[in-house]
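Computed from a prediction, not measured in an experiment: that's the story for all the values here.
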Amino acid sequence: MRGIGIAGALAAGLAAPGQAGQPLHESLVECSVLVDLLLGEQSFQPGENAMIDLYVAASRSMREEALRRTSEGYVAETALAKREAWHARWDAGDWHDPANRDELVDWWTYCFKLADRLALKP
């Protein structure tokens with residue numbers, strides 16, 4: 001993921017927002033799900049948009065690392081649960097209003113710092 005720094009220079013800490021105690025493989029699944037959700041859960045034509053290609057590859061890389069650390073069943077089950085949790089967070093946090101998206105921004109930043117720290121490459 002080198003090169004996908006959306007928050008600028010990397011900070012030293014990597015505590016996951018609101019989930020500091022969850023296992024690393026769970027965070028990887030959650031990050032993959034978050035990227036997919038923010039991309040809109042749609043299919044993209046590779047090569048049409050370099051930034052979207054990078055995010056799609058980042059999500060895939062995080063998911064592959066989670067699979068390497070756990071099992072396909074765990075990743076699938078966790079991804080489903082995280083997808084539902086993010087939909088609920090969106091609604092509960094009134095994130096349709098950009099002023100209410102601090103938690104979302106914190107997670108997005110955390111996910112790409114984590115990927116960089118693990119040297120995941122799209």
Side-chain angles (χ1 to χ4, degrees):
M1 271 316 123
R2 297 186 190 275
I4 304 181
I6 56 175
L10 294 176
L14 268 180
Q19 299 292 332
Q22 78 181 12
L24 186 61
H25 53 273
E26 186 175 343
S27 289
L28 287 163
V29 175
E30 185 152 11
C31 288
S32 176
V33 165
L34 175 60
V35 172
D36 291 348
L37 288 172
L38 291 175
L39 287 175
E41 298 182 289
Q42 53 190 314
S43 297
F44 295 99
Q45 194 67 17
E48 284 185 354
N49 182 305
M51 186 59 73
I52 289 175
D53 288 348
L54 200 54
Y55 289 135
V56 169
S59 174
R60 185 178 318 118
S61 180
M62 287 182 246
R63 184 179 179 93
E64 287 171 358
E65 181 63 15
L67 283 166
R68 190 182 73 72
R69 293 169 180 259
T70 61
S71 68
E72 191 169 330
Y74 173 86
V75 170
E77 183 178 311
T78 303
L80 181 61
K82 295 298 184 179
R83 187 173 310 282
E84 291 173 8
W86 275 105
H87 281 295
R89 282 183 191 142
W90 185 276
D91 293 338
D94 189 28
W95 290 350
H96 294 288
D97 179 351
N100 298 331
R101 295 183 184 166
D102 290 344
E103 181 185 7
L104 180 63
V105 170
D106 290 346
W107 264 100
W108 185 260
T109 302
Y110 163 76
C111 289
F112 286 97
K113 286 180 181 181
L114 175 62
D116 190 58
R117 179 173 164 224
L118 295 175
L120 300 180
K121 296 183 182 182

Less than 4.5 Å apart, any side-chain heavy atom of [X] and any of [Y]?
X: Trp95; Y: Leu104; value: yes
X: Ser27; Y: Leu114; value: yes
X: Phe112; Y: Met62; value: yes
X: Leu37; Y: His87; value: yes
X: Leu28; Y: Leu118; value: yes

Would you list the atom pairs, donor with acceptor, under 3.5 Å between side chains in residues 72-79 and any protein atom, with sequence neighbours excluded?
from, atom 1, to, atom 2, distance (Å)
Thr78, OG1, Tyr74, O, 2.8

To the closest 0.5 Å, what do you measure between [atom1] ([X]) and [atom2] ([Y])?
X: His96; Y: Arg101; atom1: NE2; atom2: CZ; value: 8.5 Å
X: Tyr110; Y: Glu30; atom1: OH; atom2: CD; value: 8.5 Å
X: Lys82; Y: Cys31; atom1: NZ; atom2: SG; value: 9.5 Å

Where do Cys111 and Val35 land on the side chain to side chain contact (heavy atoms under 4.5 Å, CB included) test, with the steps shown first?
CA-CA 9 Å; Cys111 289; Val35 172; 5.5 Å; no
Joint cluster assignment, Leu80 & Trp90, ILVMFWY side-chain distance < 4.5 Å:
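Unlinked, Leu80 and Trp90 end up in two clusters.
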Side-chain heavy atoms under 4.5 angstrom apart, residues restricted to Ile, Leu, Val, Met, Phe, Trp, Tyr: same cluster for Trp86 and Leu39?
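Yes.
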For Gly47, is there any backbone N or O sitting under 3.5 Å from a side-chain donor or acceptor partner on Asp53?
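Yes; at least one donor-acceptor contact below 3.5 Å.
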Tell me whether Thr109 contacts the main-chain N or O of Val105 through its side chain, where contact means a donor paired with an acceptor under 3.5 Å.
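Pair found, side chain donor or acceptor close to backbone of Val105.
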Taking only residues two or more places apart in sequence, or in another chain, which ones meet Asp102 in a side-chain contact (heavy atoms from CB on, under 4.5 Å)?
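With sequence neighbours excluded, Asp102 shows a side-chain contact (heavy atoms from CB on, under 4.5 Å) to no residue whatsoever.
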Salt bridge (Lys or Arg N to Asp or Glu O under 4.0 Å) partners of Arg60, counting only residues at least two apart
none
